[in-house]
Peer 1: 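Structure in structure tokens, see below.
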Amino acid sequence: MMKAIQGGRGWPDLFIAEPRDTFKGLFIEIKPEGIKLYKKDGMPATPHLQEQEDCLFRLEDNEYAAKFGVGFDECKGSLMIICIVD
């Protein structure tokens with residue numbers, strides 16, 4: 001059932017359904033502190049991270065804010081977008 005709700009591989013962990021002037025809502029792909037998202041050449045570190053990045057780009061193309069959140073502080077900072085953007 002969860003796969004049906006999530007929409008497939010690479011779908012972000014968190015969605016805040018609070019639209020603002022510039023976007024329809026916020027998606028965050030939550031990662032633990034210290035994870036390496038990208039290789040030195042700028043490419044995603046794993047095929048799964050590539051899938052997740054592709055999904056985030058598709059969401060952005062559809063007027064959602066969508067990003068990786070590495071660790072608590074970065075996720076909290078992304079959530080602040082909802083609080084301060086009108």
Side-chain angles (χ1 to χ4, degrees):
M1 180 172 172
M2 183 55 99
K3 291 227 183 254
I5 293 170
Q6 280 190 314
R9 288 183 55 87
W11 198 252
D13 298 312
L14 179 64
F15 174 57
I16 306 296
E18 183 65 32
R20 292 291 187 229
D21 291 337
T22 58
F23 57 86
K24 298 176 183 175
L26 170 66
F27 284 91
I28 302 175
E29 176 57 44
I30 301 169
K31 297 295 179 197
E33 189 75 44
I35 192 169
K36 182 180 173 186
L37 295 176
Y38 299 99
K39 300 180 209 174
K40 289 181 183 180
D41 65 2
M43 297 299 295
T46 68
H48 185 62
L49 287 170
Q50 179 69 63
E51 289 177 342
Q52 291 175 323
E53 183 180 70
D54 291 345
C55 184
L56 295 175
F57 287 151
R58 284 192 307 273
L59 289 164
E60 287 178 338
D61 287 345
N62 285 287
E63 301 177 1
Y64 290 94
K67 51 187 61 210
F68 285 107
V70 180
F72 176 77
D73 290 334
E74 193 170 305
C75 290
K76 185 173 100 175
S78 295
L79 290 170
M80 293 302 292
I81 293 169
I82 294 295
C83 298
I84 60 174
V85 176
D86 280 322

Peer 1: Looking at R58 and E60, is any side-chain nitrogen of the basic one under 4.0 Å from a carboxylate oxygen of the acidic one?
Peer 2: no
Peer 1: Minimum heavy-atom separation for K31 and L37, please, with both atom names.
Peer 2: CG-CD2, 4.0 Å
Peer 1: For the pair I16 and I28, evaluate side-chain contact (heavy atoms from CB on, under 4.5 Å) and give the outcome as yes or no after the intermediate values.
Peer 2: CA-CA 9 Å; I16 306 296; I28 302 175; 5.7 Å; no
Peer 1: Check for a donor-acceptor pair, side chain of D13 on one end and backbone N or O of I30 on the other, with a separation under 3.5 Å.
Peer 2: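 Judged by distance alone, yes, a pair lies under 3.5 Å.
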Peer 1: Can you tell if the side chain of Q52 reaches within under 4.5 Å of the side chain of F57, non-hydrogen atoms only?
Peer 2: no
Peer 1: Please evaluate residues Y64 and F23 with respect to the criterion ring pair (Phe, Tyr, Trp, His ring centres under 6.0 Å), reporting the C-alpha separation (whole Å), side-chain torsions for both, the decisive distance (0.1 Å), and the verdict.
Peer 2: CA-CA 5 Å; Y64 290 94; F23 57 86; 8.7 Å; no
Peer 1: Where do L56 and A66 come nearest, in terms of heavy atoms and distance?
Peer 2: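 Closest pair (atom of L56, atom of A66, distance): O-CB, 3.6 Å.
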Peer 1: Do the side chains of Y38 and M43 join up, straight or via other hydrophobic residues, at under 4.5 Å, putting them in one cluster?
Peer 2: no
Peer 1: Could you tell me whether E74 and K76 make a salt bridge, using a distance below 4.0 angstrom between a side-chain N and a carboxylate O?
Peer 2: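 Not counted as a salt bridge, because no side-chain N and carboxylate O are separated by less than 4.0 Å.
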Peer 1: Give, for atom CD of E29 and atom CG of L14, the distance between the pair rounded to the nearest 0.5 Å.
Peer 2: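 Result: 10.0 Å between the selected atoms.
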Peer 1: When you look at L59 and F15, which way does the side-chain contact (heavy atoms from CB on, under 4.5 Å) test go after all the steps?
Peer 2: CA-CA 11 Å; L59 289 164; F15 174 57; over 6 Å; no
Peer 1: Quick one: closest heavy-atom pair of P12 and C55, and the distance?
Peer 2: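 So the minimum-distance heavy-atom pair works out to CD-SG, 3.8 Å.
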Peer 1: Kindly compute the distance separating CG (L26) from CZ (R20), expressed to the nearest 0.5 Å.
Peer 2: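 Answer rounded to 0.5 Å: 10.5 Å.
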Peer 1: Just wondering, are more than 12 heavy atoms of other shown residues or ligands nearer than 6.0 Å to CD in E63?
Peer 2: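 Count not over threshold, so no.
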